Amino acid sequence: MEPVLYEKTGSIATITLNRPERLNALDRQVLAGLSRHLQDVASSGARVLVIRGSGRAFSAGQDLQEAGSGELDYEEHLQAYNRVFEQIRGLEIPVIAAVNGVAAGAGMSLALAADYRLLAESAVMITAFARIGLAPDTGMTYTLPRLVGWGKAYELLTLSPNLSAAEALELGLANKVVLDGEFESAVTEMAAAYASGPTLVYGLVKRALDYSANHSATEVLAFEASIQKLAGSSNDHREGLAAFAEKRPPRFGGN
Ligand code: T3D
């Protein structure tokens, strides 16, 4: 069985972590497959990527059998995690984490690296690292404080509580929570909505938010002006204006 699946339907790409019997725990094969398929997505012309898990989990994080085997050089192994984080953050198209069940440790880190998190009502998020005497990785110390604030990030990374989907929503870790029975249709709907949007602009939004995290207001204003120049000369902007004038919904081509 392939540990990571990839499919593209129309302009929607989906990567599925596929070790359901291990709650989609991440080992070297999974990380290599994930990285390869993220490369496939980058050159596929897809306009949205959904990352999800098979079975009842999103991902339980690092495979602890592999970690316990004594074969892992943590520093080297982390290069594989870091590559995946950079690949997700580097994609210009929206990345949706469809969190159907537990997302723990580096599994939660992957969900936080995505741009939009849709959770099933029964999903759980657990930072998990400290529970097994590890420090956080795979970008969690970058994403988590930016999503929940410094103090809450410290609490979640040290005490490592099980966060329900409702708690994740309240903290800003989830964008939306839906009933378990409505999860599949909600994922399809959200992916379709992003796939028919102004893709170029979505990429610019991602860049601008990344940029604003580490730059002054003056620098951010200059950056906004530079990206607005690109957006302002895009086909989607022309289409947006035409649709407004003609009182109809826009048909964005994503460029
Ligand atoms: O470079 C490095 O290696 C460092 C990187 C570290 C990054 C990290 O991700 S550290 C955090 C690692 N993850 C965890 O600590 C979570 C471990 N799992 C759990 O705490 C629990 O499984 C869950 C809370 C996620 C779910 O609990 P539950 O009761 O729903 O399921 P379960 O019965 O514990 O798990 C079901 C099976 O999946 C079970 O196997 P079995 O007994 O049926 O044969 C369990 O061993 C297996 N499983 C769950 N998580 C992992 C796993 N197998 C390997 N690795 C796992 N992470």
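What you see is a predicted model, and the numbers here were worked out from it, not measured in a lab. Both counts, for ligands and for their atoms, begin at 1 and track the order of listing.
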Engineer: When you measure from atom 48 (N) of ligand 1 to every protein heavy atom, which one gives the shortest distance, and what is it?
Structural biologist: R22 O, 4.0 Å

Engineer: Between L72 and ligand 1, which residue portion shows a heavy-atom distance shorter than 4.0 Å: side chain, backbone, both, or neither?
Structural biologist: side chain

Engineer: For atom 29 (O) of ligand 1, is the nearest protein heavy atom under 4.0 Å away?
Structural biologist: no

Engineer: Which ligand 1 atoms does A106 reach within 4.0 Å, using its non-hydrogen atoms?
Structural biologist: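 Those atoms are 7 (C), 8 (C), 9 (O).
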
Engineer: For atom 24 (C) of ligand 1, state whether the nearest protein heavy atom is under 4.0 Å away.
Structural biologist: yes

Engineer: Please list, in number order, the atoms of ligand 1 under 4.0 Å from a heavy atom of H77.
Structural biologist: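 Matching atoms, with element in brackets: 1 (O), 2 (C), 3 (O).
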
Engineer: Can you find a protein heavy atom closer to atom 2 (C) of ligand 1 than 4.0 Å?
Structural biologist: yes

Engineer: Is the closest basic N to carboxylate O distance between E66 and R28 below 4.0 Å?
Structural biologist: yes

Engineer: What do you think, any protein heavy atom under 4.0 angstrom from atom 42 (O) of ligand 1?
Structural biologist: no

Engineer: Is atom 19 (C) of ligand 1 near the protein, in the sense that some protein heavy atom lies at less than 4.0 Å from it?
Structural biologist: no

Engineer: What protein heavy atom sits nearest atom 37 (C) of ligand 1, and how far off is it?
Structural biologist: E21 O, 3.8 Å

Engineer: List the closest protein heavy-atom neighbour of atom 49 (C) of ligand 1: residue, atom name, distance to the nearest 0.1 Å.
Structural biologist: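 Here the nearest protein heavy atom works out to L23 CD1, 3.8 Å.
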
Engineer: Less than 3.5 Å apart, which donor and acceptor atoms pair up between the side chains of residues 186-196 and the rest of the protein, not counting sequence neighbours?
Structural biologist:
| residue | atom | partner | partner atom | Å |
| --- | --- | --- | --- | --- |
| T188 | OG1 | E184 | O | 3.0 |
| S196 | OG | A192 | O | 3.1 |
| S196 | OG | A193 | O | 3.2 |

Engineer: Can you list the steps and then say if M108 with I126 is a side chain to side chain contact (heavy atoms under 4.5 Å, CB included)?
Structural biologist: CA-CA 7 Å; M108 178 171 166; I126 318 170; 5.6 Å; no

Engineer: N235 side chain to N255 main-chain N or O, any donor-acceptor pair under 3.5 Å?
Structural biologist: no

Engineer: Can you find a side-chain donor-acceptor pair between T127 and S160 that sits under 3.5 Å?
Structural biologist: yes

Engineer: When you check the gap from the basic side-chain N to the acidic O, do R19 and D27 get nearer than 4.0 Å?
Structural biologist: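 Yes, R19 and D27 are salt-bridged.
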
Engineer: Give the atom numbers and elements of ligand 1 that come within less than 4.0 Å of a heavy atom of I126.
Structural biologist: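 Every atom of ligand 1 under 4.0 Å from some heavy atom of I126: 24 (C).
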
Engineer: Regarding E219 and Y211, is there a side-chain donor-to-acceptor distance under 3.5 Å anywhere?
Structural biologist: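 Judged by distance alone, the side chains do not pair up.
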
Engineer: Between the side chains of R83 and E86, is the shortest nitrogen-to-carboxylate-oxygen separation below 4.0 Å, so that they form an ion pair?
Structural biologist: no

Engineer: Suppose we measure from atom 17 (C) of ligand 1 to each protein heavy atom; which comes out shortest, and what is that distance?
Structural biologist: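 The answer is L64 CD1, 3.8 Å.
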
Engineer: Does the side chain of E224 pick up a donor-acceptor pair with the side chain of Q228 at under 3.5 Å?
Structural biologist: no

Engineer: Closest non-hydrogen protein atom to atom 57 (N) of ligand 1, residue and atom name please, with distance?
Structural biologist: Q62 O, 2.9 Å

Engineer: Decide whether an N or O pair under 3.5 Å exists between R131 and ligand 1.
Structural biologist: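 Looking only at distances, the answer is no, because the N/O contact criterion of under 3.5 Å is not met.
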
Engineer: Have a look at G55, A60, A130 and point out the one with the heavy atom closest to atom 14 (C) of ligand 1.
Structural biologist: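 Among G55, A60, A130, the closest heavy atom to atom 14 (C) of ligand 1 comes from A60.
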
Engineer: Considering distance alone, does some N or O of R56 sit under 3.5 Å from an N or O of ligand 1?
Structural biologist: yes

Engineer: Flag atom 53 (N) of ligand 1 as yes if some protein heavy-atom distance to it falls below 4.0 Å, otherwise no.
Structural biologist: yes

Engineer: Is D115 salt-bridged to R89, cutoff N-O under 4.0 Å?
Structural biologist: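 Salt bridge flag = yes for R89 with D115.
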
Engineer: Within the 4.0 Å heavy-atom shell around D137, which atoms of ligand 1 are there?
Structural biologist: 4 (C), 5 (C), 6 (C), 7 (C)

Engineer: Can you tell which of I88, L110, T16 makes a side-chain contact (heavy atoms from CB on, under 4.5 Å) with I51?
Structural biologist: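 Result: among I88, L110, T16, I88 is the only option passing the side-chain contact (heavy atoms from CB on, under 4.5 Å) with I51.
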
Engineer: If only side-chain N and O atoms count, and only distance matters, is there a donor-acceptor pair under 3.5 Å linking T199 with R47?
Structural biologist: yes

Engineer: Indicate whether the side chain of E182 and that of S185 have a donor and an acceptor atom separated by less than 3.5 Å.
Structural biologist: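 The criterion, which ignores hydrogens and geometry beyond distance, is not satisfied for S185 and E182.
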
Engineer: Is any heavy atom of the protein nearer than 4.0 Å to atom 34 (O) of ligand 1?
Structural biologist: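 When distances to the protein are checked, atom 34 (O) of ligand 1 has no heavy atom within 4.0 Å.
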
Engineer: Of the backbone atoms (N, CA, C, O) and the side-chain heavy atoms from C-beta on, which set of T138 has a member under 4.0 Å from an atom of ligand 1: side chain, backbone, both, or neither?
Structural biologist: neither

Engineer: Which of the atoms of ligand 1 are close to G105, meaning less than 4.0 Å from one of its heavy atoms?
Structural biologist: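 Going through ligand 1 atom by atom, the ones under 4.0 Å from G105 are 9 (O), 11 (C).
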
